[in-house]
Amino acid sequence: MRPRTLVTVALGAVSLTIVTACGSGSTPPLPSAAPQATAAEPAAATAPPLPGCSDNNKTSVESFAPGGTLATLAADSATIRKIKRRGRLIVGVSADNLLFGYRNPLTGKLEGFDIDMAKAVAASIFGTATGHVEYVVENFAQRIPDLLAGRVDIVADIMTINCARWGQIDFSTEYYHAGQQVLVRKDAPFADIKQMKGLTVCTAQGSTGSENVKRFPQVKAIQVPDISDCMVRFQEGAVDGIFSDDTVLRGFAEQDPYAKLLPRKLTNEPYGLGMPERDPTFVRYVNALLAQMRNDGAWASIYRKWLGNPPSPPPAVYGRALP
Amino acid sequence: MSTIAPSSSPPVAATRPASTRGLMARAVRAALAGTPGRLRLATAVSVVACLLFGVLSFVAATSRAAALSDAQTNTSQLVRIQSIRTNLVYADANLTNAFLVGGLEPAAARRAYEQGIGAASQGLAESAANPADAVVLAKVNAVVSRYTGLVETARSNNRLGYPLGAAYLRQATDLLRSDALPPLESLGRTEQERVNHAFDRSATATIWLTIGIVVALIVLIGVQIWLGAWTHRVFNPPLVAATVIVVIVSVVLSSVMVWSQSRARHTRDGAYFLTLELTTTRTDAFDAKSDESLTLINRGNGQVYEAAFQDLAANARVLLADAARRGGADAQAARQAFAAYRATHRQIRAEDDRGSWDQAVKQATGSSAADSNAVFGQFDTASAQALDQQVRRLHEDLRSARAPLTGLAWMALVLGVVAAGAAGAGVMRRLREYR
């Protein structure tokens, strides 16, 4: 009898393990038990927005003034000292946003606008980015938790600067100005989201899109873990549209000739590099670097590499008081 | 007219059964009245006891033979279902690896994926022959079709250089894990219950034989004692012959039944137990290998998969250690191969944790003998051999345990009838003397 009991126990443990592996799958970008879309829920667990900050004016994109040279700031920042000791910068990025942060299927390497921004930060700390960047691939909902847990030093993942997020993390100055739009089928008979009555629109968990879509109660919004899951559903015909940043949607449209973007820009999405709150000097260092990149053409050349003719870069807005 | 018939029939129906029953009762009472009656009763009881002995012996032997045959069939089905699961996980792990490398997928990884899916489909077709499992397996088959569809979309996107391919791959892997593997797991558990039930049925079959022997001997000996006391003759040759037949059949059949049961118990605790250990080990190990790839493809956010790897690998290690202790050289080789694979996995994790993701991927997907695939391949071969050996042993043991049972069952039935004839003749002889 004893041996049989052992195997029963062992098999029980196996099924338990499998359940555990699947059950906790909502955290990584490859969730095994939570691939199902969930209906949009009221505001997820976010901290209260920062007092004196409004998403309707410049106060939301205000960051800390550098107030020093790269060299002095690097010497003062505990985070940069830690990064140097470690020998590499750990960056949270996305792997499925064509042109911003994506894994090139032909080479297996991560590429894009955001990846180049991360490399620029590493290169300024180490002299060269080669061998000094470690990527952590995240979905949108993991960006803030990964920062808070210290799993990454910085997030370069088309992250919108807003007051709610300022309550949890710090941002650099704006480095790209995006806006949200809706992607639909090329033959769709409507010109604006307001005409999509009762139709299903997909957003990603933990994205600003999942909040902003609530301004359009005429559509039925669903949420999935990864924004590219929206595109899979769209191609399968399970959803009628995707509500997200134009940067993401243009990448999708480029991979699907039967998709187009509805013309109206529905929101403003200023992108910033996200950092933990504990070291404002690190934020000031990154702002000093961004100021330099705006001036010496480094920003423009990254823009040209991925998106074509560069406009003038979004201006830096300083004035946020140091904590 | 039809209204009259029902109203007129009740009195007839009421009187006739009563009178028939009365007549029969009277006839039985008359037949059993006095000494001839008691002799007739003794005849009937001994004949019935001998026939019962024959029938119960037959039932005991044939039901054990059937139970052991069921244990064989269900073990085969269990192994088949577990191997479908293993093949699917194997195919998926190779696919994930191919995507990890980037560029055109390595031909070897593609071949391995196709082999895994091919073997799983074949296994599904073979297992579906068992009607009890056909419905679940048809559903699994449909999920596998959808899975391969998603995989092909992923590949087309990949070939075009579209990162969307990765999203399709993720969908495919999720679908497999959420919709195909759980039904196979629960089917595996059902199959295990069926095997256990079959072994239990084989054990309880002895009860019928015991009842048959006890009843027949009590009746035959009782009738002879009664007859002897009444006729003042010690032996009644035909009755003695019937008793001897019953005793001989009992001794022969009991010893064969005891032997076959000990053989079955030996198989249940030996080859069957090892079969379970090895199939579970293989399932765990393949899941762990796939978690290794998933940890890497989730680049920096794969902690849950590494945790799952550790649980699965620890479980597999314990089972393999036990299997190696019981199961001989093949299981021992599987155990060593798994230890080597764990060492390779530790190197991969060390590389990735040090920040050298590229190096980790190279070792996880490379084709040199020291890389993860080759090292795991050795475990695959060794454990498959060990499993195969146990399954073969199980079939041989159970086949030999049930081989003599069917023949003996018929012999017992025929001899039961012969004994019944002898017993009847013996008592009837006294009855004729009485007349």
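The structure presented is a predicted model; accordingly, all values stated were derived computationally and were not measured. Residue numbers begin at 1 in each chain, while the letters A, B, ... track the order of the sequences.
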Closest heavy-atom pair, B/N158 versus A/L106, reported as atoms and distance to 0.1 Å, is O-CD2, 4.0 Å
CD of B/Q171 to CE of A/M231, rounded to nearest 0.5 Å, is 12.5 Å
By a 4.5 Å heavy-atom criterion (distance strictly below it), what part of B/L160 contacts chain A: side chain, backbone, both, or neither?
neither
Less than 4.5 Å apart, any side-chain heavy atom of B/I297 and any of A/R103?
no
Inspect the surroundings of CZ in A/R185 and state if more than 12 heavy atoms from other residues, nucleotides or ligands are less than 6.0 Å away.
no
Looking only at heavy atoms, the pair that brings B/P163 and A/A95 closest together is CB-O, 4.4 Å
Does atom CZ of B/R317 have more than 12 heavy-atom neighbours from other groups under 6.0 Å away?
no
Given a strict heavy-atom distance threshold of 4.5 Å, which part of B/L150 is in contact with chain A: side chain, backbone, both, or neither?
side chain
Under 4.5 Å from any heavy atom of chain B - which part of A/D146
side chain
Drop me the distance from B/Y168's OH to A/D229's CG, to the nearest 0.5 angstrom.
10.5 Å
Check: A/Q255 side chain, B/L164 main-chain N or O, donor-acceptor pair, under 3.5 Å
yes
Take a 6.0 Å sphere around CZ of A/R86 and say whether it holds more than 12 heavy atoms from other residues, nucleotides or ligands.
yes
Any idea which heavy atoms bring B/Q303 and A/R151 closest together, and the distance?
NE2-CD, 3.5 Å
Is there a side-chain contact between B/R299 and A/L110 (heavy atoms, below 4.5 Å)?
yes
May I ask you to check whether over 12 heavy atoms, not counting those of B/R146, lie within 6.0 Å of atom CZ?
no
Is B/R170 close to A/D96 at the side-chain level, that is, under 4.5 Å between some pair of heavy atoms?
yes
Are more than 12 heavy atoms, taken from residues, nucleotides or ligands other than B/K362, located less than 6.0 Å from that residue's NZ atom?
no
